[in-house]
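Every number for a ligand or one of its atoms is a count from 1 in the order of the listing. All heavy atoms count here, side chains included; hydrogens, waters and symmetry mates do not.
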Amino acid sequence: MNRVIAIDGPAGSGKSSVSKRVGRDRGFLHVDSGALYRIMTWQALLAGIDTADEAAVAACAADVEVSFRAEGGAVAFYVDGQTPGEAIRSAEINRHASPVARVPAVRNKVTAWLRSLRTLGDLIVEGRDITSVVFPDTPARFYLDADPSVRAIRRHREEVAKGIATQSEAEIKASLLNRDRIDSTRAVAPLVLAPGVLRIDTSDLTLDQVVTRVIAELPVAWR
Ligand code: DC
């Protein structure tokens with residue numbers, strides 16, 4: 001059975017950078033589970049669905065098809081033969097992703113996809129419910145956290161670097177806190193620090209320090 005490293009945490013906690021680096025270093029394919037919720041959101045918006053309408057979101061999710069390919073150290077997602085790229089990173093998708101991710105039919109479909117990816121190789125999967133719901137039995141589970149102001153600064157810098165910044169730091173912080181609230185309080189698979197998961201506060205740590213810490217905490221045979 002292929003191995004899984006599970007990483008959860010709120011937006012801007014460093015999950016993506018850390019899981020890409022640890023994955024590259026240890027030879028685990030990086031899986032961005034949030035991108036699958038973003039794809040569901042994107043498809044719902046393209047279909048003109050009101051994302052507050054759970055039944056409509058669930059019906060739309062049933063028709064979404066994604067194919068998966070191990071590529072360049074990660075699992076790439078294809079919708080109609082194309083990777084969605086920055087189309088799923090807009091402020092509009094940020095706003096609608098949490099309501100979509102709250103719908104049980106959406107979560108069930110994404111969870112089944114994620115579990116099926118294990119056949120592609122060893123995985124490092126980042127998200128909100130990977131340690132608690134998707135892969136609760138894996139021996140390598142981490143919860144990355146950081147102060148909300150630090151998280152907003154990081155997100156803003158990332159967006160500026162990619163040339164897609166449309167919001168100020170303060171606006172990003174408000175949006176992050178709103179998503180945290182919805183993601184942490186939803187009825188199904190909320191973002192939680194599950195028992196037995198190692199929490200790392202990354203506020204005052206460099207990326208290298210977090211990567212070193214995560215690798216040091218892996219089961220001995222995986223380090
Ligand atoms: O990590 P992200 O910002 O790309 O996630 C997009 C949305 O999907 C966000 O609202 C949280 C949600 N999500 C989730 O509910 N469960 C996951 N495993 C990953 C993301």
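No side-chain donor from either of Arg213 and Thr202 sits under 3.5 Å from a side-chain acceptor of the other.
Near ligand 1, heavy-atom contacts under 4.0 Å come from Ser33, Gly34, Tyr37, Arg38, Ala97, Ser98, Ala101, Arg107, Gly127, Arg128, Asp129, Ile130, Arg179, Asp183, Arg186.
When side chains are defined from C-beta on, Phe77 does not count as touching Thr83, because their heavy atoms never get closer than 4.5 Å.
If you take CG on Asn2 and CG on Asp122, they are separated by 5.0 Å, rounding to the nearest 0.5 Å. Separation of atoms CG (Leu177) and CD1 (Ile172) is listed at 12.0 Å; rounding is to 0.5 Å.
A tilted orientation is assigned to the rings of Trp222 and Phe28, their planes being inclined by 30° to 60°.
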Practice task
Decide salt bridge (charged side-chain N to carboxylate O under 4.0 Å, His left out) for Arg155 and Glu159; before the verdict, give the C-alpha distance in whole Å, the side-chain angles of both, and the deciding distance to 0.1 Å.
Solution key: CA-CA 6 Å; Arg155 259 303 136 89; Glu159 292 184 2; 5.6 Å; no

